[in-house]
A.B. asks: 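What follows is a single structure, and I will ask about it in a moment.
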Amino acid sequence: MKRGRLAVWAAALALAGLLAWWLLAPRVAEVETITVQRGEATRALAVNGRIRPRQSVAVQSPVSGTLLDLPYDVGDRVEAGTPIARVDDGPQRAAIAEATAAIAAQEAVLAQARRDYERFAALGEFVSKRQLEETRLAVQEGARELERRRASRAQAQEVQQRAVLRAPFAGVILERPVDRGQTVGLETVIYRLADLTAPEVSAEVDEIYAAELRVGMIGLVEVPGRTQALRAEVVHVEPRVDESTGAREVRLRFLDPLDVAPAGQTVSVNLIVERRADAIAIPRAAILSPETNPRVRAIGDDGRVAERPIRFIDWPAVEVIVTSGLEPGMRVLADPAAAAPGTRARPAR
């Protein structure tokens with residue numbers, strides 16, 4: 001009986017010991033890890049952009065007056081040189097008629113002056129040199145006056161021609177802010193015309209990151225309604241910084257065909273700043289204190305978590321390129337807060 005009680009007590013003590021060991025023994029945490037490896041890495045800059053026409057112009061009238069003809073509306077396509085508006089040329093027609101009458105009168109005066117000169121010249125010694133000189137000068141003055149009046153008519157005709165507005169290039173009417181019968185001035189916009197056949201992309205890039213952009217770099221543009229991104233080439237990086245936004249304008253031209261895209265449409269642009277064939281890249285979220293003291297937590301060969309200082313190219317992207325501190329095969333914690341330094345951990349299955 002006594003031996004039975006001792007056996008029970010011994011078993012209870014052993015069970016309690018096992019329980020205490022289980023409760024107090026250090027646990028091995030299962031954590032999500034990233035296995036460091038080398039491979040191709042891309043440093044890209046994601047920005048929003050807008051479709052812009054390759055050419056765009058505000059068509060204004062070079063003369064003031066009343067709009068008599070305005071045959072095109074928004075969305076219409078016009079060819080280069082097409083008459084797209086006509087301003088009342090009544091004052092110019094009146095000026096041309098007046099100049100034409102003045103020319104005819106002066107031609108008659110000049111013809112008479114020439115007859116007088118020829119008659120005096122034929123008389124020879126019977127007229128004084130002074131009389132002959134006066135008639136010669138009358139012919140010269142009459143010719144000069146005739147040229148002046150002809151130039152005045154040509155000027156009036158040129159102004160009349162400017163009353164007809166022609167499309168400077170082939171394009172689509174984007175805006176028509178006036179109506180027929182309206183009086184327009186020299187600064188009045190008649191149409192906004194754009195060439196949409198070869199659209200470009202315009203994007204505002206923060207001056208910090210724009211400093212690394214160069215003409216010729218490639219970008220991938222995601223256009224709404226298309227399943228695949230289109231390749232585009234950087235053709236312009238604005239040298240000046242917009243003081244109000246702290247950004248520089250970057251323009252890209254499509255390398256892949258894009259038939260039509262609405263001007264002003266918002267698109268997503270990924271600018272490829274750098275490609276590395278043999279690099280280490282990890283998620284930015286795996287880095288502790290990336291701005292001041294960048295480091296990661298990794299599982300060592302002994303199964304314990306340790307911190308490692310690193311260096312990386314600071315860039316606004318989900319993944320960054322690490323330049324020192326990591327070697328292939330290391331297991332970095334995807335979430336640094338998942339395990340503290342010194343604790344035991346193993347990769348989650």
Side-chain angles (χ1 to χ4, degrees), residues 26-49 201 203-214 217-224 227-232 234 246-247 250 252 266-349:
R27 305 237 178 151
V28 179
E30 284 197 355
V31 294
E32 295 290 337
T33 60
I34 302 160
T35 301
V36 176
Q37 55 186 356
R38 289 189 173 275
E40 181 177 332
T42 301
R43 189 155 57 102
L45 180 66
V47 295
N48 287 328
V201 174
E204 297 292 323
V205 179
D206 188 281
E207 59 182 311
I208 297 175
Y209 306 116
E212 295 202 42
L213 301 182
R214 300 288 183 273
M217 285 184 172
I218 302 299
L220 298 176
V221 182
E222 296 179 4
V223 180
T227 56
Q228 291 186 338
L230 302 178
R231 293 179 306 121
V234 175
V250 177
L252 299 94
T266 301
V267 294
S268 298
V269 184
N270 286 294
L271 295 164
I272 310 302
V273 178
E274 180 185 13
R275 293 185 187 273
R276 295 194 181 192
D278 186 27
I280 292 175
I282 64 171
R284 176 184 288 271
I287 303 175
L288 287 166
S289 303
E291 294 83 9
T292 57
N293 182 26
R295 58 196 189 280
V296 297
R297 289 178 178 172
I299 301 175
D301 294 337
D302 59 355
R304 295 186 180 276
V305 175
E307 289 189 351
R308 296 184 61 89
I310 65 167
R311 291 183 181 179
F312 69 99
I313 301 175
D314 195 2
W315 196 253
V318 175
E319 285 200 343
V320 296
I321 297 175
V322 178
T323 56
S324 66
L326 295 181
E327 295 295 336
M330 289 182 175
R331 293 169 296 176
V332 173
L333 272 62
D335 178 9
T343 59
R344 296 183 65 85
R346 63 169 176 264
R349 296 178 180 177

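Residue numbers count from 1 along this sequence. Remember, predicted model here, so these are calculated numbers, not experimental data.
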A.B. asks: Of the non-hydrogen atoms in Ala211 and Arg214, which two are nearest, and what is the gap between them?
C.D. replies: O-NH1, 2.7 Å

A.B. asks: For Pro294 and Phe312, which heavy atoms make the closest approach, and how far apart are they?
C.D. replies: CB-CE2, 3.7 Å

A.B. asks: Just how far is it from atom CD1 of Ile299 to atom OG1 of Thr35, taken to the nearest 0.5 Å?
C.D. replies: 9.5 Å

A.B. asks: Which distance, rounded to the nearest 0.5 Å, do you find between the CD1 of Ile313 and the CD of Glu212?
C.D. replies: 8.0 Å

A.B. asks: Roughly how far apart are Met330 CE and Thr33 OG1, rounded to 0.5 Å?
C.D. replies: 13.5 Å

A.B. asks: Could you list the residues that satisfy side chain to side chain contact (heavy atoms under 4.5 Å, CB included) with Ala285, not counting sequence neighbours?
C.D. replies: none

A.B. asks: Hey, is the main chain of Asp301 close enough, under 3.5 Å, to the side chain of Arg304 for a donor-acceptor pair?
C.D. replies: no

A.B. asks: May I have all residue pairs that pass side-chain hydrogen bond (donor to acceptor under 3.5 Å, both in side chains) and include part of residues 307-331, sequence neighbours excluded?
C.D. replies: Arg284-Asp314, Arg295-Glu307, Arg297-Glu307

A.B. asks: Working to the nearest 0.5 angstrom, can you tell me the gap between Thr266 OG1 and Asn48 CG?
C.D. replies: 7.0 Å

A.B. asks: Give the minimum heavy-atom separation between Ala229 and Leu220, together with the two atoms involved.
C.D. replies: CB-CB, 4.1 Å

A.B. asks: What pairs with Glu30 under side chain to side chain donor-acceptor pair (under 3.5 Å), at least two apart in sequence or on another chain?
C.D. replies: Arg346

A.B. asks: For Arg231, give me all partners under side chain to side chain donor-acceptor pair (under 3.5 Å), at least two apart in sequence or on another chain.
C.D. replies: Asp256

A.B. asks: Can you list the residues that meet the salt bridge (charged side-chain N to carboxylate O under 4.0 Å, His left out) rule with Glu40, with sequence neighbours excluded?
C.D. replies: Arg275

A.B. asks: Let me confirm one number: the CD1-CD1 distance from Ile282 to Ile310, rounded to the nearest 0.5 Å.
C.D. replies: 4.5 Å

A.B. asks: Taking all non-hydrogen atoms of both residues into account, name the closest pair between Val305 and Ala340 and its distance.
C.D. replies: CB-O, 3.5 Å

A.B. asks: So, using side chain to side chain contact (heavy atoms under 4.5 Å, CB included) as the criterion, who are the partners of Ile34 when residues are at least two apart?
C.D. replies: Pro283, Ala286, Ala334

